[in-house]
Number of protein chains: 2
Amino acid sequence: MATDPQSVRNDTALTQAERSAASDRAMLDAAIDLVLEHGTDKTTLAMIGERAGKSRGLATYRFGSKGGLYDALCKSISRDWLACLTERVGDKVGIDAMCTALDAIHDFVTRSPREGRVLQILHAGAASPSSEFRQTSIDIHGRQQSDVAEWVRRGQAEGSIRNDVDADAVAGQYIAYITGMTHLWLVSPDTFNFKSANADMKRQLRASLAVQGAQ
Amino acid sequence: MATDPQSVRNDTALTQAERSAASDRAMLDAAIDLVLEHGTDKTTLAMIGERAGKSRGLATYRFGSKGGLYDALCKSISRDWLACLTERVGDKVGIDAMCTALDAIHDFVTRSPREGRVLQILHAGAASPSSEFRQTSIDIHGRQQSDVAEWVRRGQAEGSIRNDVDADAVAGQYIAYITGMTHLWLVSPDTFNFKSANADMKRQLRASLAVQGAQ
DNA sequence: AGTCACTTGCTTGTTGACAGCAAGTTTTGG
DNA sequence: CCAAAACTTGCTGTCAACAAGCAAGTGACT
């Protein structure tokens, strides 16, 4: 009973959990900076640890390996993106949900351009056979695709989407388009007009999915 | 005319140019193997030189750097792909050209799966800020996109494509879709049905671009 | 033909940097 | 005070990049 931890801990002292959470965040933030500057391969674990105000070895110690760190970073940003998406889409379904998702992508990339770019770079890296978050990337795409397919099915149920389209096929095309569009924007942001591409896509979605005369 | 080099050269002796061309090819072939096995980053220049039957230092000497080698490899495979594409498409225009190009992709990936996969991996790598063939990748996409836009315009000129669509916007969407589709197929070939995705896309192209009542 | 000056293809030695590990040191908390 | 957790430092093997060199090829001139 005698000891009271809080009485002897000053402002800077944190609990163990707080310490590690804070240093994890600092290192992931540093990793975002460095990946944007130098890419994933020319960023070193020592650079990440030191920019986070820690030692050169901490990143390795905490995340196990370079791939492990990027996997954690991918999951962290994906969480934010998913939060942004679900907040925007809410419980919309059908064409509305698909169009709102396009807006959500644009919003996320505008509000968090650094995180958005890094997420793209990481997903692109999943193409490599040696990638450690290949499976993570596959899972994310799979989940997004089944979400979209569900939007389409509910749109058909409520009568806003034609019944003669295959929900899974539409979802596949939609996800492929988004994947390609974000990749092209990432590689050359100047020659790619995100906003007008989105407007075109929305028009396209309505034209090909909406039931005749509806909307 | 006095000297006749060919008379004194035996079977195994090659001219300098032939020698370097042969070793370049051998190293690019070795690089394809190794990139498929280990990815770009875990493949070493020494491995490439040695699998090509040469020394560990030749790849660096000839291509200057790891990035330089991958840039050369990207250009080499792109040449084959472009040849395959132009052979298939010929002087088709409009929706025909766009659908044939989808078939050409499927053909190329079926006939040269190794080259196709490596090309995808390299293009994905262009996402990194440190990539040395970033510009190469941008140029290739730009050229493809303007080719597609030209197909659309000629299709409009010959009356097979509606006049109220914007050729550049259509080309952008088409290229974005192809980019995403090939990426998704690369990352998880098992969960992605290339053939049926192509069929869906063709239907989609005809539905959204064809003049009412034509075809 | 012969040999000499020069170029080109290729190999080997070396250096600096990095990932990953292991053995330590400091901080926390009971 | 001591165990556990957070963190640092020392070290090793590997790699990209470079540089110095060797050997085969090439052309010019006799």
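Chain naming here is simple, since letters A, B, ... match the order of the sequence lines and numbering starts at 1 in each.
When distances run from any side-chain atom of B/Arg19 to the nucleotides D/dC18, D/dG25, C/dG20, the shortest one goes to D/dG25. Of the candidate nucleotides C/dT11, D/dT8, D/dA17, D/dT8 has the atom lying nearest to any side-chain atom of A/Ser55.
OP1 or OP2 of D/dA6 has at least one side-chain nitrogen or oxygen of A/Ser20 nearer than 4.0 Å.
Distance B/His38 NE2 to D/dT14 P: 15 Å, rounded to the nearest Å. One interatomic measurement links the two molecules: CZ of A/Arg62 to P of D/dC7, which rounds to 5 Å at whole-angstrom precision. One interatomic measurement links the two molecules: CG of A/Leu58 to C1' of D/dA6, which rounds to 8 Å at whole-angstrom precision. Put simply, OH on A/Tyr61 is 6 Å from C1' on D/dA6, counting in whole angstrom units. Atom CG in B/Asp41 sits roughly 16 Å away from atom P in C/dC18 (whole-Å rounding). Counting to the nearest Å, the P atom of C/dA19 and the CZ atom of A/Arg56 are 11 Å from each other. Here the P atom of nucleotide D/dC15 and the NZ atom of B/Lys42 are 11 Å apart, to the nearest Å. One can place CG of B/Asp24 at 15 Å from P of C/dT8, the figure rounded to the nearest angstrom.
Between B/Thr44 and B/Ala17, the one whose closest nucleotide on DNA chain D sits nearer the 5' end is B/Thr44. When the nearest nucleotides of DNA chain C are assigned to B/Lys54 and A/Leu45 by heavy-atom distance, the more 5′-ward of the two goes with B/Lys54.
Outside the 6.0 Å centre-distance limit, the rings of A/His123 and A/His183 are not counted as a close aromatic pair. Aromatic ring centres of B/Trp185 and B/Phe194: separated by under 6.0 Å.
When all heavy atoms are compared, the tightest approach of A/Pro129 to B/Glu37 is CB-O, 4.3 Å.
Between the side chain of B/Arg56 and the backbone N or O of B/Gly49, no donor-acceptor pair lies under 3.5 Å.
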